[in-house]
Amino acid sequence: MPRSESNEARIARIVERVRSIPPGFVRTYGDIEPRAPRLVGRVLATTHNLPWHRVVRADGTLTQGPRQRRLLVREGVRMRGERVDLDDARLPREL
DNA sequence: GTGATGACGGAAA
DNA sequence: CTTTCCGCCATCA
């Protein structure tokens, strides 16, 4: 089966979804791109000017350690120990 | 072309 | 709670 969607379109969609996360909230890699969460990581690592700290793992743990934690806390995101309280800060998936 | 890798997810033990 | 294993998709050596 050929790709039903170009790579650029997929990347653009990921970037858009990351950009649309408001301060004080987060989304998980899986919520952004269910079929390719690792691709989201690649985009965050290679694309500048993105609120990268608002993207966390599915279980609320952080990918970028203390640095990321500090930015989230500063925005008012509630934490449960070392992880984000997803019940409070997680946004619904986009349809 | 093949195989390893990564800012992941989820199930199983 | 932890570790292990496999699926996922684009990149890169």
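Here is the naming used below: chain letters follow the sequence lines, and residue numbers restart at 1 for every chain.
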What is the distance, rounded to the nearest whole Å, between atom [atom1] of [X] and atom [atom2] of [N]?
X       : N      : atom1 : atom2 : value
A:Leu86 : B:dG10 : CG    : C1'   : 15 Å
A:Arg13 : C:dA10 : CZ    : C1'   : 14 Å
A:Arg90 : B:dG9  : CZ    : C1'   : 11 Å
A:Leu39 : C:dC12 : CG    : C1'   : 15 Å
A:Glu82 : C:dC1  : CD    : C1'   : 16 Å
A:Arg27 : B:dA7  : CZ    : C1'   : 17 Å
A:Ile32 : C:dA10 : CD1   : P     : 17 Å
A:Glu33 : B:dA7  : CD    : P     : 18 Å

Item checked: Minimum-distance nucleotide to A:Asn7 side chain [options: C:dA10, B:dA7, C:dC9] -> C:dA10

Checklist line | Nearest-neighbour nucleotide for the A:Ala58 side chain, B:dA7, C:dA10, B:dG10 considered | finding: B:dG10

Notebook entry, point to check: Out of curiosity, A:Gln64 CD to A:His53 NE2, how far, rounded to the nearest 0.5 Å?
Noted result: 12.0 Å

Note to self: Nearest 0.5 Å, please: how far is OG1 in A:Thr46 from CD1 in A:Ile11?
What the structure shows: 7.5 Å

Note to self: Quick check on C:dC9: is either OP1 or OP2 less than 4.0 Å from any side-chain nitrogen or oxygen of A:Arg10?
What the structure shows: no

Check: Do the side-chain N or O atoms of A:Arg35 get closer than 4.0 angstrom to the phosphate oxygens (OP1, OP2) of B:dG10?
Finding: no

Checklist line | First encountered from the 5' end of DNA chain C, between A:Pro37 and A:Arg42 | finding: A:Pro37

Notebook entry, point to check: Quick one: does A:Gln68's side chain have a donor or acceptor within less than 3.5 Å of a partner on A:Val55's backbone?
Noted result: yes

Next item on the list: Say whether, by atom type as modelled, one donor and one acceptor occur between the side chain of A:Arg27 and the main chain of A:Arg17 under 3.5 angstrom.
Entry: yes

Margin query: Heavy atoms only, 4.0 Å cut-off, all strands: where does A:Leu44 land among base, sugar-phosphate and nothing?
Written below: base

Notebook entry, point to check: Base, sugar-phosphate alone, or nothing: which one does A:Arg54 contact when heavy atoms must sit under 4.0 Å apart?
Noted result: nothing

Item checked: Any side-chain heavy-atom pair of A:Arg19 and A:Asn49 under 4.5 Å -> yes

